[in-house]
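Encoded as structure tokens, the structure appears first; notes follow it.
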Amino acid sequence: MADSAASKRLEKVASLMRFKLLKLIRDSKRGTDVKMLWVDRQRGSSMNFSRYRVKPGSKVDLKDWDPDDKSASPGGKEEDAKRLLELAAHIDELQELLYAEARRGVLVVLQGMDTSGKDGTIRHVFREVDPLGVRAVRFKAPTEDELAHDFLWRAHLQAPAKGELVIFNRSHYEDVLVVRVHKLITESECKRRYELINAFERLLADNGTVILKFYLHISKDEQRKRLQERIDNPKKQWKFSLNDLAERKLWSEYIKAYTDALAATSTDRAPWYVVPSNSKMNRNLLVSAVLLDSLEGLKMHYPRLQQKLDGVVVE
Ligand code: AMP
Ligand code: MG
């Protein structure tokens, strides 16, 4: 009893401190651009995202990226956590601007093996965004109705409108990944689908949608640890299914499917980023920073009212 009262009090203090810290960051950050913050924290060297971006038309070998790479999280645990919170607060500010401007939409696509951390990325990167300002969509195995349409139909239905920020937790890419690994389509159908995906994403981009695609890159051994944790931890068992073990046996087939998909569909206007994700902090910081860089690049402004407001007084 006493214990639980004490821990409740502690929780209250912790949440108050977090609130104060956030306010402090927001107040001190007004007018500072995020690149500066990022550069400051990197002690003078700005983060080079291009090494994580899959160059359009290039050959891909996922071994070129180390899943253990932690270069996006160079600080100690506390310092990195503080920076993540700063970036999250800034994403919130830019999301409001995106909505106010209503000229462009943003689509964030998250893909990765089981346990790669798609849900966790959403929870941390978007934790400060106004719930009204963001929509996360989960793509499961298609329903009968979805299967009766073309494979891009359900993705198009969920694509962001102008002013919207939408996250795809899995996406239309499952239709060239799981579906290919399980041989539900032929190799030539898969190639045709890459073309259709590129055309679809070009259509979205032409209509003002910024598209960022992240492959959360974990090692096979990291997946082993995370699956074992799901089995051993009663709070995580609900996430586990025996089918996960069957899919794990197909690891190298999945790597091949990802490799080909990344090579065929990374374009200037819809690039893929390979995010080293054995470290959750590295993953969260890198996704946040790439997203912010892209939002900053839009050079958005609050719209001005059409009417002249000189002398208008609210009575
Ligand atoms: P989860 O992300 O753990 O909720 O699992 C969703 C499941 O749906 C995964 O096993 C995906 O592979 C599967 N899935 C998603 N999209 C498709 C698709 N187009 N075809 C077949 N399976 C899919
Ligand atoms: Mg799963």
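Numbering of residues begins at 1 and proceeds along the displayed sequence. When a ligand or atom number is given, it counts from 1 through the structure's own listing order.
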Regarding ligand 1, does Glu174 bring an N or O atom to under 3.5 Å of one of the ligand's N or O atoms? yes

Contact check: Lys140 vs ligand 1, nitrogen or oxygen atoms, below 3.5 angstrom: yes

side-chain contact (heavy atoms from CB on, under 4.5 Å), that's the test. Do Arg154 and Asp145 meet it? Break it down for me. CA-CA 10 Å; Arg154 64 177 184 164; Asp145 191 26; over 6 Å; no

Take a 6.0 Å sphere around OH of Tyr99 and say whether it holds more than 12 heavy atoms from other residues, nucleotides or ligands. no

For the student: nearest non-hydrogen atoms of Ser277 and Arg226, plus distance: O-NH2, 3.1 Å

Answer yes or no: does an N/O atom from Asp114 fall short of 3.5 Å to an N/O atom of ligand 1? no

For Asp175, the atoms of ligand 1 under 4.0 Å from one of its heavy atoms are 19 (N)

Dump the intermediate steps for ring-ring contact (aromatic ring centres under 6.0 Å, His included) on Phe139 and Phe168, then the final yes or no. CA-CA 7 Å; Phe139 288 89; Phe168 280 5; 4.7 Å; yes

The atoms of ligand 1 lying under 4.0 Å from a heavy atom of Val179, numbered in the order shown, are 20 (N)

Measure from atom 10 (O) of ligand 1 to every heavy atom in Arg170, Lys118, Arg138 and give the option owning the shortest one. Arg170

Do any nitrogen or oxygen atoms of Ala141 lie less than 3.5 angstrom from nitrogen or oxygen atoms of ligand 1? yes

Checking contacts here: is it the side chain or the backbone of Arg154 that comes within 4.0 Å of ligand 1, counting heavy atoms only? Could be both or neither. side chain

May I ask you to check whether Asn169 has an N/O atom sitting below 3.5 Å from an N/O atom of ligand 1? no

The test is salt bridge (Lys or Arg N to Asp or Glu O under 4.0 Å); show your working for Glu187 and Arg180 and say whether it passes. CA-CA 8 Å; Glu187 292 293 294; Arg180 178 186 182 196; 2.8 Å; yes

Salt-bridge present (Lys256, Asp260; N to O < 4.0 Å): yes

